[in-house]
Protein chains: 2
Amino acid sequence: MKITKHSRQREAIKEFLMTRKDHPSADTIYIYMREVFPNISLGTVYRNLALLTELGEIQKLHYGTESDHFDGDISLHHHIICRECGSINDLKMENIDFINTLANQNFDGIVEGHNIHFYGICKNCKNNLKLKNNIDKSKSV
Amino acid sequence: MKITKHSRQREAIKEFLMTRKDHPSADTIYIYMREVFPNISLGTVYRNLALLTELGEIQKLHYGTESDHFDGDISLHHHIICRECGSINDLKMENIDFINTLANQNFDGIVEGHNIHFYGICKNCKNNLKLKNNIDKSKSV
DNA sequence: CTGCATGCAAAAACTTTGCACCGCC
DNA sequence: GGCGGTGCAAAGTTTTTGCATGCAG
């Protein structure tokens, strides 16, 4: 485990991530941090994100087309990415670790864990689509 | 849907992916393709991989530290990444789409599907570790 | 012929790294 | 003061894109 000295920048990055409900990318974090530390560099942001991830204090999320995203919430939860707006939201569901056992039935190695990425439509986009649908309907009548 | 004209390069890329059991990255595919088409460019490889993915004929896999990987097998199956050697292997298991419903119970949007990434130890590494373990044991006696 | 696909190279996007200086312990 | 952290900038990696040419329909 890496030894760490206290740093106000790292502290602030972690705090920022814990207060955010979405899961910002390194660049978004950088833009925000500049408001607090006008001279902070992108390198520092990346270095601290990597360090915090290594220490298990935040988690790194990997999605398709975009850059990496970071989550200050390390409790057990899943994520769902919206195919309309691309936002990544938390999704809590009961523990389904039994699928590790299920998965191991046809696998000759050792299944230790899993990550699930759900995809679909977020609350906002669902409402927007509904709205749009109603307008279309009233038009066609 | 994009209209496509036949292309020997695209054909070859798809065939190559279908015969591979692992899930090569764009660069690996490029290196291989150069044996068949010495003048093929990396740009063409990327363009065709994107096109084939869009057409649903192959699938793109996203993992943590590395570049994107591609899978010529689009049947329903999952993947497991080995934490020892980093290899990505197929993993077949019974359908568990019911977790979409489960997930939707606490989510205000629409859950449409999911991807699962398992992680653990692959067959080879498991055997190697066992071997190593036995040697250690016999040494300590 | 027409226009999508290709090869090539340049550029874009994202992330890492070397180095001198700064500030925590 | 010693050493890890920072800012800055340059470089590395992976992927995308513009353009002239080539090839499929």
Side-chain angles (χ1 to χ4, degrees), chain A residues 1-17 22-55 57-71 81 86-88, chain B residues 1-17 22-71 81 86 88:
Chain A
M1 194 69 73
K2 266 192 183 171
I3 304 151
T4 55
K5 191 177 285 192
H6 180 263
S7 124
R8 286 179 305 140
Q9 285 88 336
R10 182 161 51 247
E11 195 74 11
I13 289 172
K14 195 183 162 188
E15 255 176 47
F16 174 60
L17 274 178
D22 59 349
H23 307 82
S25 64
D27 200 58
T28 306
I29 297 166
Y30 171 60
I31 290 167
Y32 175 83
M33 294 310 296
R34 291 243 303 234
E35 292 175 15
V36 187
F37 301 94
N39 290 323
I40 198 171
S41 75
L42 198 49
T44 297
V45 171
Y46 273 105
R47 268 186 291 235
N48 280 313
L49 288 172
L51 187 56
L52 288 168
T53 302
E54 198 183 326
L55 293 173
E57 301 190 16
I58 63 172
Q59 58 175 318
K60 204 173 175 178
L61 310 176
H62 308 289
Y63 287 92
T65 46
E66 310 161 51
S67 47
D68 290 345
H69 292 251
F70 295 86
D71 189 347
I81 182 167
S87 68
I88 299 168
Chain B
M1 193 69 73
K2 265 193 185 171
I3 304 151
T4 54
K5 193 176 285 194
H6 180 264
S7 123
R8 286 179 304 140
Q9 285 89 336
R10 182 161 51 247
E11 195 75 10
I13 289 172
K14 195 183 161 186
E15 256 175 46
F16 173 60
L17 272 178
D22 60 348
H23 308 83
S25 64
D27 200 58
T28 306
I29 296 166
Y30 171 59
I31 289 167
Y32 175 83
M33 293 310 297
R34 291 242 304 232
E35 292 176 17
V36 187
F37 302 93
N39 290 324
I40 197 172
S41 75
L42 197 49
T44 297
V45 171
Y46 273 104
R47 268 187 291 237
N48 279 313
L49 287 172
L51 187 54
L52 288 168
T53 303
E54 198 182 328
L55 294 172
E57 300 190 16
I58 63 173
Q59 57 174 319
K60 204 173 176 179
L61 310 176
H62 308 290
Y63 287 93
T65 46
E66 309 161 51
S67 48
D68 290 344
H69 292 252
F70 295 86
D71 189 349
I81 182 165
I88 299 168

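Labels below follow one simple rule: chain letters A, B, ... track the order of the sequence lines, proteins then strands, and each chain is numbered from 1.
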With sequence neighbours excluded, residues passing side chain to side chain donor-acceptor pair (under 3.5 Å) with [X]:
X: Arg47(B); result: none
X: Ser7(A); result: none
X: Thr53(B); result: none

Check your understanding: Hey, are the side chains of Ile40(A) and Pro38(A) touching, using non-hydrogen atoms and a 4.5 Å cut-off?
Key -> no
Review point. What pairs with Glu57(B) under side-chain contact (heavy atoms from CB on, under 4.5 Å), at least two apart in sequence or on another chain?
Key: Lys14(B), Leu52(B), Leu55(B)
Study note, to complete from the structure: Taken in chain and number order and not counting sequence neighbours, the residues that satisfy side-chain contact (heavy atoms from CB on, under 4.5 Å) with Glu15(A) are Glu11(A)
Study note, to complete from the structure: Contact check, residues 40-50 of chain B vs DNA chain D, heavy-atom distance under 4.0 Å, returns Leu42(B), Gly43(B), Tyr46(B), Arg47(B)
Review point. Between residues 24-32 of chain B and DNA chain D, which residues have a heavy-atom gap below 4.0 Å?
Key: none
Check your understanding: Can you check whether Gln9(A) has a side-chain N or O nearer than 4.0 Å to OP1 or OP2 of dG7(D)?
Key -> yes
How many whole angstroms separate atom [atom1] of [X] from atom [atom2] of [N]?
X: Arg34(B); N: dT6(C); atom1: CZ; atom2: P; answer: 17 Å
X: Asp68(A); N: dA13(C); atom1: CG; atom2: P; answer: 17 Å
X: Phe37(A); N: dC22(C); atom1: CZ; atom2: C1'; answer: 14 Å
X: His62(B); N: dT15(D); atom1: NE2; atom2: P; answer: 10 Å

Practice item. Check ring pair (Phe, Tyr, Trp, His ring centres under 6.0 Å) between Phe16(B) and all other residues, then give those that pass, not counting sequence neighbours. Key: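 In terms of ring pair (Phe, Tyr, Trp, His ring centres under 6.0 Å), with neighbours along the sequence ignored, Phe16(B) is linked to Tyr32(B).
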Dump the pairs, protein N or O against N or O of nucleotides 23-25 of chain C, anything under 3.5 Å, distances to one decimal.
residue: dG23(C); atom: N2; partner: Lys5(A); partner atom: NZ; Å: 3.2
residue: dC24(C); atom: O2; partner: Lys5(A); partner atom: NZ; Å: 3.3
residue: dC25(C); atom: OP1; partner: His6(A); partner atom: N; Å: 3.3

Review point. Once you round to the nearest 0.5 Å, how far does CD1 of Ile58(A) lie from CG of Leu49(A)?
Key: 5.0 Å
Review point. So what is the end-to-end bend of the helix from dC1(C)-dG25(D) to dC25(C)-dG1(D), with 5 pairs used at each end and the value given to 10 degrees?
Key: 30°
Exercise for review: Kindly write out the residues that satisfy salt bridge (Lys or Arg N to Asp or Glu O under 4.0 Å) with Asp27(A), not counting sequence neighbours, or none if the list is empty.
Suggested key: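 None.
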